[in-house]
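Structure record follows, encoded as structure tokens.
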Amino acid sequence: MPYTSKTAKTELHDIVSAGIAKNYPGSGISESDIYASMSVPKAEFGDLSSSICLRIAKVAGAKPQDVAERIIGDGQSSLGKGYIKELKNANGYINAFFDEKKYARDTLKSVMELKEGYGLSSMGGGKRVMIEFPSVNPNKAWHIGHLLNALIGDSISNILSACGYSVERENYIDDLGIQVAESLWGYLNLGNKPDKKFDTWLGEQYVSVNRMLSDEKVKKEIDALMKRMEEGGNEDSVKARELAERCVKANIETASAYRICHDVMMWESDIVRTGMLSEAMDMAVEKGAAARSDEGKYAGCIVVDLKKLKGIAKDFDNPNEESKVLIRSNGTATYVAKDLAFHMWKLGLLKGDFRYSKFLDSQYNGKPLYTTGSSGEDMEFGGAEIAINIIGSEQRYPQLILKSMFSLMGMRDLAEKLIHVAYGEISLKGGTLSGRSGGWMGSDHVYTADTLLADAKEKVIERAKESKKKVDAAEVADAVAVGAIRFAFLKTNLEKKIVFSWDEALSFEGNSGPYCMYTYARANSILERANVSSLAINEINFSYAERRYDFELIKAMGMAQEVVEKAAAEHRPDIIADYLIELSSGFSKFYESTKVIGSGEPERYRIAIVISLMQVLGNFMRLLGIEPVAKM
RNA sequence: GGGCAUGUGGCGCAACUUGGAUAGCGCAUCUGGCUUCGGACCAGAUGGUUGCGGGUUCAAAUCCCGUCAUGCCCGCCA
């Protein structure tokens with residue numbers, strides 16, 4: 001991993017920079033060039049390295065070795081003040097070696113003092129971020145694709161919070177969609193009674209109805225239902241909302257089981273009621289981003305002229321269509337229009353007269369969950385500086401249009417603040433997860449988030465029987481199962497499409513959640529045996545720091561802030577997952593090679609490492625929603 | 001037709017944004033390690049023309065051009 005402590009980087013930068021200024025003025029090397037040249041090499045090469053001399057050699061017409069020699073020579077006087085105690089020239093690379101005792105002391109001190117705050121960053125500066133996920137149609141149980149979305153959103157929320165952003169987690173509930181209309185029709189006409197978890201049952205009704213859509217009469221009835229739902233204020237619209245709310249309640253049970261939290265749910269039916277849509281359309285027309293079409297194919301519609309988007313993205317260079325419809329000729333709004341209005345509200349352009357009330361008093365994170373509704377109080381949601389949407393990459397084009405609309409309205413700055421975090425959709429081996437076909441209900445297995453968790457728990461309990469320590473399997477099954485699944489879903493780059501494998505998601509070995517949790521539990525055992533839970537810094541003799549596994553582990557702990565900042569900047573939970581493995585495997589090596597209890601004089605120093613490791617590992621596990629347990 | 005993404009040992013992935021030392025990790029396979037802080041572990045071995053072809057560079061998995069394969073998107077659906 002190319003991370004290390006920031007102060008050490010600054011230190012090396014200053015030395016190198018001074019050396020260049022003195023010996024190679026005019027070489028055109030900038031500050032960022034120097035930082036970019038740094039990397040963390042293999043341990044044998046040192047703790048931090050710069051390849052900048054290879055570049056300077058070129059412009060200066062000198063040998064890299066000679067360049068490095070001069071810079072290192074001049075740098076000697078700066079050594080010993082900070083972390084860097086020695087510089088070595090290796091074929092033109094400048095390799096810095098830290099004073100391991102000083103570095104160990106500062107890092108462990110920092111961890112033990114800051115505790116839960118260790119690794120946090122203030123880069124967000126309190127900026128308000130509204131992040132939307134998973135926005136599942138409220139008529140079915142979450143399948144593993146929805147779960148993936150929600151886990152990404154929840155984890156990115158945690159990461160952004162850890163970086164000083166003020167995060168608002170929002171779930172959009174499309175209770176006016178065709179899917180709810182179909183489920184409602186089934187509920188009213190099929191005569192089945194709920195006999196299982198409500199969302200699961202409702203999803204089954206939906207699939208049944210879908211198979212009946214070839215019947216024109218059914219289709220007509222559903223269309224009529226949908227229209228009444230949108231109009232509101234009638235028996236069907238009330239029924240639809242009731243149904244959707246029951247489903248959402250069941251969905252939230254799933255979310256809670258996975259420790260996924262939200263701050264607020266925005267219902268489409270409430271959005272429609274606020275009159276935001278017409279306000280948004282008026283603004284779009286006024287700002288010249290959309291216009292009423294009087295003739296031709298789109299007569300009577302409000303459309304966006306796609307030609308105007310030329311240059312904003314390659315997608316628009318040769319568009320298939322000339323226009324994108326916002327308002328249909330019959331006066332109804334398309335998805336893009338609704339989305340535009342909603343995002344204008346998110347970014348503070350529209351007033352949006354929402355009423356909020358509590359849906360849940362307390363979630364896993366201790367905070368309440370609010371919902372919009374016809375009654376309730378005024379609250380300060382929305383008006384965010386940054387709006388992030390967790391949406392599958394198949395929706396890239398509509399998301400791009402949405403973003404581009406802000407540019408068209410002359411608000412390029414807002415366009416920049418609308419971020420689509422795209423992820424590759426998950427698929428099953430030889431199968432689809434398509435909602436319409438009910439693909440999540442495979443013939444041999446039901447691929448819902450609920451069944452996955454149930455299977456995982458079973459496996460954990462089975463595995464816990466073999467555990468060397470006596471553990472109450474039922475007690476930890478929950479945490480370990482969630483940890484296994486969350487890690488498996490979050491460990492890879494979002495862009496990669498995942499072909500879901502049950503076995504892999506439930507993997508307990510190697511690069512897995514349980515491996516991290518196991519590491520934590522082992523560390524905890526040492527403290528229990530030593531009967532220590534905290535140490536005062538002045539009780540620790542850091543002269544026992546060695547250049548071995550102890551120092552490698554301490555260096556890993558020192559990376560924390562850089563890691564979380566990168567994960568936040570790039571919206572990538574997988575960076576945290578990688579880091580957890582780095583910490584865990586670092587500790588395992590230390591653990592196998594180094595005796596802690598009964599090691600005599602170094603014991604307290606080593607215990608300090610164990611305490612710190614647990615702290616850092618725990619802090620970062622929680623970013624991914626993995627709860628460390630003392631025993632497993 | 002156009003756009004976007006992906007392609008790295010048998011399998012799953014990392015490193016690519018910011019070019020830099022021997023391409024890193026896990027699974028699988030083979031060898032070794034529990035009377036000693038938890039074997040959900042550790043140590044070691046086998047396995048790679050980084051899809052292919054050009055180019056730029058002292059240096060390319062990384063940048064540029066071309067090409068192939070796979071997936072997704074391009075509606076008065078949501």
Side-chain angles (χ1 to χ4, degrees), chain A residues 1-2 32-33 35-39 41-42 45 49-52 54-55 57-58 64 90-93 95 137 174 176-179 297-298 300-303 313-321 323-330 332-336 338-339 392-398 400 422 424-425 427 460 463-464 466-469 471 480 484 491-493 495-499 501 503-504 507-512 514-519 521-530 570 574-575 578 581-582 584-585 588-589 591-599 606 610 631-632:
Chain A
M1 280 199 137
S32 61
D33 288 335
Y35 279 111
S37 79
M38 290 186 203
S39 60
K42 296 186 165 187
F45 288 134
S49 174
S50 168
S51 62
I52 199 71
L54 300 162
R55 272 188 70 176
K58 175 77 175 163
N91 296 317
Y93 287 90
N95 291 332
N137 282 305
D174 180 10
L176 297 184
I178 185 84
Q179 296 205 6
K297 196 175 166 191
Y298 300 112
C301 301
I302 293 180
V303 298
K314 265 186 161 181
D315 300 67
F316 304 123
D317 284 352
N318 297 298
N320 282 354
E321 298 285 334
S323 304
K324 190 87 201 162
V325 174
L326 294 181
I327 303 294
R328 303 186 188 97
S329 52
N330 68 5
T332 58
T334 62
Y335 180 76
V336 185
K338 291 179 193 170
D339 230 21
S393 54
E394 74 278 2
Q395 290 201 46
R396 229 175 191 128
Y397 183 64
L400 181 63
E425 262 296 5
S427 64
V460 172
R463 183 64 189 75
E466 302 160 26
S467 179
K468 198 170 173 183
K469 288 269 160 150
V471 295
V480 179
K491 71 176 175 181
T492 62
N493 192 315
E495 300 281 5
K496 292 223 168 159
K497 37 198 175 266
I498 301 175
V499 177
S501 149
D503 289 339
E504 217 176 291
S507 161
F508 292 174
E509 274 117 41
N511 294 350
S512 72
Y515 172 55
C516 302
M517 300 180 82
Y518 176 70
T519 303
R522 283 216 293 190
N524 182 66
S525 277
I526 294 180
L527 298 191
E528 271 187 7
R529 281 203 176 229
E570 301 184 8
D574 63 295
I575 289 178
D578 245 30
I581 293 299
E582 174 117 356
S584 301
S585 96
S588 293
K589 285 170 184 160
Y591 180 91
E592 300 280 342
S593 66
T594 317
K595 197 171 184 175
V596 176
I597 296 169
S599 59
R606 291 176 184 167
V610 177
K631 288 185 172 57
M632 61 185 273

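Hydrogens, waters and symmetry mates are skipped; everything else that's a heavy atom, side chains included, is used.
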For a quick check of understanding: with a heavy-atom distance under 4.0 Å over all strands, which category does [X] fall into, base, sugar-phosphate or nothing?
{"X": "Asn524(A)", "result": "nothing"}
{"X": "Phe45(A)", "result": "base"}
{"X": "Thr492(A)", "result": "sugar-phosphate"}
{"X": "Glu570(A)", "result": "base"}
{"X": "Lys589(A)", "result": "sugar-phosphate"}
{"X": "Asp174(A)", "result": "sugar-phosphate"}
{"X": "Tyr515(A)", "result": "sugar-phosphate"}

Looking only at atom [atom1], what distance separates [N] and [M], rounded to whole Å?
{"N": "rU8(B)", "M": "rU62(B)", "atom1": "P", "value": "14 Å"}
{"N": "rG9(B)", "M": "rA23(B)", "atom1": "P", "value": "15 Å"}
{"N": "rA61(B)", "M": "rG19(B)", "atom1": "P", "value": "14 Å"}
{"N": "rC63(B)", "M": "rG1(B)", "atom1": "P", "value": "27 Å"}
{"N": "rA21(B)", "M": "rA15(B)", "atom1": "C1'", "value": "15 Å"}
{"N": "rG32(B)", "M": "rC52(B)", "atom1": "P", "value": "37 Å"}
{"N": "rC42(B)", "M": "rG7(B)", "atom1": "P", "value": "27 Å"}

* Asked: So is Arg463(A) actually on top of Phe508(A)'s ring, under 6.0 Å and inside 45° of the axis?
  -> no
Determine whether the side chains of [X] and [Y] contain a donor N or O and an acceptor N or O closer than 3.5 Å.
{"X": "Thr492(A)", "Y": "Asp574(A)", "answer": "no"}
{"X": "Tyr298(A)", "Y": "Glu321(A)", "answer": "yes"}
{"X": "Thr332(A)", "Y": "Asn330(A)", "answer": "yes"}
{"X": "Ser37(A)", "Y": "Ser50(A)", "answer": "yes"}

For atom [atom1] of [X] and atom [atom2] of [N], their distance in whole Å:
{"X": "Asn137(A)", "N": "rC77(B)", "atom1": "CG", "atom2": "P", "value": "16 Å"}
{"X": "Arg55(A)", "N": "rA60(B)", "atom1": "CZ", "atom2": "C1'", "value": "15 Å"}
{"X": "Phe508(A)", "N": "rA40(B)", "atom1": "CZ", "atom2": "P", "value": "12 Å"}
{"X": "Lys42(A)", "N": "rG24(B)", "atom1": "NZ", "atom2": "P", "value": "6 Å"}
{"X": "Lys324(A)", "N": "rA78(B)", "atom1": "NZ", "atom2": "P", "value": "10 Å"}
{"X": "Asp317(A)", "N": "rC74(B)", "atom1": "CG", "atom2": "P", "value": "18 Å"}
{"X": "Asp578(A)", "N": "rC25(B)", "atom1": "CG", "atom2": "C1'", "value": "8 Å"}
{"X": "Gln395(A)", "N": "rC72(B)", "atom1": "CD", "atom2": "C1'", "value": "11 Å"}

Applying a 3.5 Å limit to both distances, which nucleotide forms a Watson-Crick or G-U wobble pair with [N]?
{"N": "rA59(B)", "value": "none"}
{"N": "rC13(B)", "value": "rG24(B)"}
{"N": "rG71(B)", "value": "rC4(B)"}
{"N": "rC37(B)", "value": "none"}
{"N": "rA45(B)", "value": "rU29(B)"}

* So Lys496(A) and Glu425(A), salt bridge (charged side-chain N to carboxylate O under 4.0 Å, His left out) or not? Walk me through it. -> CA-CA 8 Å; Lys496(A) 292 223 168 159; Glu425(A) 262 296 5; over 6 Å; no
* **Contact letters for nucleotides 1-10 of chain B, in which S counts primed atoms plus P, OP1 and OP2 and B counts the base, heavy atoms under 4.0 Å** => B-SSSSS---
* Asked: Should Glu528(A) and Lys469(A) be marked as a salt bridge (charged side-chain N to carboxylate O under 4.0 Å, His left out) after you check the CA-CA gap, both sets of side-chain angles, and the distance that decides it?
  -> CA-CA 13 Å; Glu528(A) 271 187 7; Lys469(A) 288 269 160 150; 5.2 Å; no
* To do: Ignoring hydrogens and angles, answer whether the base of rA78(B) and the side-chain atoms of Asp339(A) contain a donor-acceptor pair closer than 3.5 Å.
  => no
* To do: Return the 5'-most residue of the pair Val480(A), Cys301(A) with respect to RNA chain B, ranking by each residue's nearest nucleotide.
  => Val480(A)
* Between Thr334(A) and Ala90(A), who's closer to the 5' end of RNA chain B by nearest nucleotide? -> Ala90(A)
* Asked: Quick one: do Lys589(A) and Glu592(A) make a salt bridge, cutoff under 4.0 Å?
  -> no
Closest to the [X] side chain: [options]?
{"X": "Arg328(A)", "options": "rC41(B), rC74(B), rC76(B)", "value": "rC76(B)"}
{"X": "Lys58(A)", "options": "rA21(B), rU57(B), rA40(B)", "value": "rU57(B)"}
{"X": "Asn511(A)", "options": "rA21(B), rG12(B), rA40(B)", "value": "rG12(B)"}

* Contact check, side chains of Arg522(A) and Ser588(A), non-hydrogen atoms, under 4.5 Å -> yes
* **Side chains of Leu326(A) and Val303(A) in contact at under 4.5 Å (non-hydrogen atoms)** => no
* To do: Ignoring backbone atoms, establish whether Tyr298(A) has a side-chain N or O less than 4.0 Å from OP1 or OP2 of rC76(B).
  => yes
* Check against side chain to side chain contact (heavy atoms under 4.5 Å, CB included), Ser427(A) and Val499(A) -> CA-CA 5 Å; Ser427(A) 64; Val499(A) 177; 3.9 Å; yes
* When you look at CZ of Arg606(A), are more than 12 heavy atoms from neighbouring residues, nucleotides or ligands closer to it than 6.0 Å? -> yes
For nucleotides 35-39 of chain B, list the nitrogen or oxygen atoms of the protein found under 3.5 Å from its nitrogen or oxygen atoms, one pair per line.
| unit_1 | atom_1 | unit_2 | atom_2 | d |
| --- | --- | --- | --- | --- |
| rC37(B) | O3' | Arg529(A) | NE | 3.2 |
| rC37(B) | O2 | Ile597(A) | N | 3.0 |
| rC37(B) | N3 | Val596(A) | N | 3.1 |
| rC37(B) | N4 | Tyr591(A) | O | 2.5 |
| rC37(B) | N4 | Thr594(A) | O | 2.3 |
| rG38(B) | OP2 | Lys469(A) | NZ | 3.1 |
| rG38(B) | O5' | Tyr591(A) | OH | 3.3 |
| rG38(B) | O2' | Tyr518(A) | OH | 2.8 |
| rG38(B) | O2' | Arg522(A) | NH1 | 3.4 |
| rG38(B) | N7 | Ser525(A) | OG | 2.5 |
| rG38(B) | O6 | Met632(A) | N | 3.4 |
| rG38(B) | N1 | Met632(A) | O | 3.1 |
| rG38(B) | N2 | Ser467(A) | OG | 2.8 |
| rG38(B) | N2 | Met632(A) | O | 3.2 |
| rG39(B) | OP2 | Arg522(A) | NH1 | 2.9 |

* Asked: Is the ring of Tyr93(A) stacked on the base of rG20(B), with centres less than 5.5 Å apart and planes under 30° off?
  -> no
